[in-house]
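Worth saying up front: this structure is predicted, and the values here are computed from it rather than measured. Order of the sequence lines sets the chain letters (A, B, ...), proteins ahead of strands, with each chain counted from 1.
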2 protein chains.
Amino acid sequence: MSADPTLRREIPDATVARLPEYLRTLTMLAEAGVASVSSEELAASVGVRSAQLRKDLSHLGSYGVRGVGYEVETLALEITRALGLTQDWPVAIVGMGNLGHALASYSGFVTKGFHIVALFDDDPALIGEQVGDVTIRPSWDIEGCARELGIAIGVIATPAPAAQTVCDALVKSGVHAILNFAPSVLTVPAGVEVRRVDLSTELQILAFHAQRRVGLPSPAVVQR
Amino acid sequence: MSADPTLRREIPDATVARLPEYLRTLTMLAEAGVASVSSEELAASVGVRSAQLRKDLSHLGSYGVRGVGYEVETLALEITRALGLTQDWPVAIVGMGNLGHALASYSGFVTKGFHIVALFDDDPALIGEQVGDVTIRPSWDIEGCARELGIAIGVIATPAPAAQTVCDALVKSGVHAILNFAPSVLTVPAGVEVRRVDLSTELQILAFHAQRRVGLPSPAVVQR
DNA sequence: ATTTGTGAACCATTTCACAGCT
DNA sequence: AGCTGTGAAATGGTTCACAAAT
């Protein structure tokens with residue numbers, strides 16, 4: 001492996017997962033006119049320990065000033081660069097039911113860095129519908145048009161039984177990154193990154209913790 | 001602490017996060033009429049290693065039979081019990097925009113173990129609307145009615161600026177488990193469990209991995 | 001013969017604590 | 001003096017490999 005000092009460092013997954021948080025907070029600080037933060041302050045806003053923040057940032061390079069802190073604009077730019085958000089990523093959503101519609105019009109989606117270029121569904125009643133400035137296409141056209149639209153990230157919001165078929169079509173079209181909202185495990189070739197978001201999984205994890213509470217101080221009196 | 005052999009074991013977070021996956025797969029197997037599985041088979045369906053599955057299950061107790069495997073029904077029941085899904089958890093959703101509506105009618109929500117008992121929004125145009133068999137109430141009534149409805153889990157689907165206020169109201173009403181879809185970090189007293197699901201965070205993590213691919217096989221025709 | 005349950009080894013991540021720089 | 005960057009220690013999680021059980 002090359003030991004290029006400027007870029008192509010190995011960034012741990014756990015760090016990558018926190019970078020978006022840091023970036024969001026830095027963006028808010030920048031909008032509030034804050035020019036500089038210490039690791040202590042930034043960590044507090046994000047809800048991590050300052051040592052963790054510093055270690056995370058150290059994987060990107062050395063962008064702080066000892067005795068002073070980090071320049072907000074600079075750090076935000078470096079994280080943006082590290083995450084690959086200096087370019088625009090074309091995204092497709094497959095499955096335009098309630099969830100698909102909600103995702104397509106979700107403000108957080110239009111965040112700098114992403115651009116919805118295609119919507120797919122296999123329900124004839126939905127095909128042709130205009131959502132924002134994109135028209136819903138039939139799912140069976142994925143392989144026909146996904147590659148020429150340059151889709152890099154696919155979002156699957158179909159019912160579970162359709163998810164694997166849709167996933168296969170996306171992968172065949174050159175998509176290497178998939179966000180799966182369907183409650184099913186996807187099988188993909190090596191090199192394709194899948195992340196899953198599942199409501200019932202999250203609720204069940206919360207139920208576990210809620211259950212642990214039986215017999216604990218129920219009143220929400222703030223205490224320490 | 002007590003070393004009670006039957007219950008109240010310490011289950012690692014990483015294990016708890018996988019239990020819902022196991023349960024979902026077991027439920028599918030049961031519906032397909034499968035009576036027994038080996039750790040190898042079950043692990044393959046879920047996408048983990050068999051040693052991991054066995055270690056995870058060992059935290060619940062010893063419910064397998066050596067030389068044979070696990071009885072599907074029994075194991076499903078034990079996981080259900082461990083997750084606290086033998087009882088029904090009353091859930092409230094706050095923020096009934098596109099996402100809130102999609103969540104309220106999401107089939108995965110009605111999974112055994114959860115029951116939507118209240119919906120809240122502060123938009124007068126939405127208050128009073130019927131979604132399923134629940135009527136949308138004004139957000140400022142949370143403290144007034146959440147406790148008597150026995151709400152255990154709160155789902156926040158509001159815009160980011162409202163999230164902390166809503167969270168405080170939920171906590172004050174005795175809610176100890178919160179699922180936050182708003183892109184903001186919530187501050188809660190100790191003992192309250194918060195899980196966050198954020199679309200742009202997920203997309204940014206995927207962008208990072210997509211970026212790593214530049215110059216790898218299968219060009220997706222990069223363009224602007 | 002086969003598959004579980006689990007110590008032990010391994011690996012990843014977090015936290016500590018302080019040297020190094022401004 | 002103050003805060004970053006980072007080795008070293010501590011913690012948590014995963015995988016190995018095999019004894020125990022049927």
Please confirm whether the shortest side-chain N or O distance from B:Tyr70 to OP1 or OP2 of C:dG5 is below 4.0 Å. yes
Of all the nucleotides listed (C:dT22, D:dT6, D:dG13), which has the minimum atom distance to the side chain of A:Val65? C:dT22
Distance in angstrom units between A:Leu75 CG and D:dC3 C1', rounded: 14 Å
Determine the contact category for A:Arg54: base if any of its heavy atoms lies under 4.0 Å from a base atom, sugar-phosphate if only primed atoms, P, OP1 or OP2 are that close, otherwise nothing. base
Distance, rounded to the nearest Å, where A:Leu42 contributes CG and D:dG5 contributes P: 12 Å
When you measure from the side-chain N and O atoms of A:Ser39 to the phosphate of D:dC3, is any distance below 4.0 Å, counting only OP1 and OP2? no
Whole-Å gap separating C1' (D:dA9) and CZ (A:Arg49): 16 Å
Rounding to a whole Å, what distance do you find between A:Gln52:CD and D:dT11:P? 16 Å
5' precedence on DNA chain D between B:Ala51 and B:Asp13 (nearest-nucleotide basis): B:Asp13
Between D:dG2 (P) and A:Glu41 (CD): distance, integer Å: 14 Å
5'-most contact on DNA chain C: A:Pro12 or A:Gly67, nearest heavy atom basis? A:Pro12
B:Glu40 atom CD: more than 12 heavy-atom contacts under 6.0 Å: no
Out of C:dT15, D:dT4, C:dG5, which nucleotide sits closest to the side chain of A:Lys55? C:dT15
Can you tell me if B:Ser38 touches the phosphate of C:dT3, counting only side-chain N or O atoms and a distance under 4.0 Å to OP1 or OP2? no
Of A:Val68 and A:Arg18, the one whose nearest nucleotide on DNA chain C sits closer to the 5' end is A:Arg18
What residue among B:Thr27, B:Asp56, B:Thr15 forms side chain to side chain donor-acceptor pair (under 3.5 Å) with B:Tyr22? B:Asp56
Value in whole Å for how far the P atom of C:dA12 lies from NE2 of A:His59: 12 Å
Please confirm whether the shortest side-chain N or O distance from A:Ser62 to OP1 or OP2 of D:dG5 is below 4.0 Å. yes
Nearest whole Å is fine: how far is C:dT4 P from B:Leu53 CG? 8 Å
Measure CD1/B:Ile11 against C1'/D:dG13 and give the value in whole Å, please. 15 Å
Any side-chain heavy atom of A:Gln204 sitting closer than 4.5 Å to one from B:Leu85? yes
From B:Leu26, B:Leu57, B:Leu42, residue fulfilling side chain to side chain contact (heavy atoms under 4.5 Å, CB included) relative to B:Tyr70: B:Leu57
Under 3.5 Å, is there an N or O donor on one side and an acceptor on the other linking the side chain of B:Arg66 and the base of C:dT4? yes
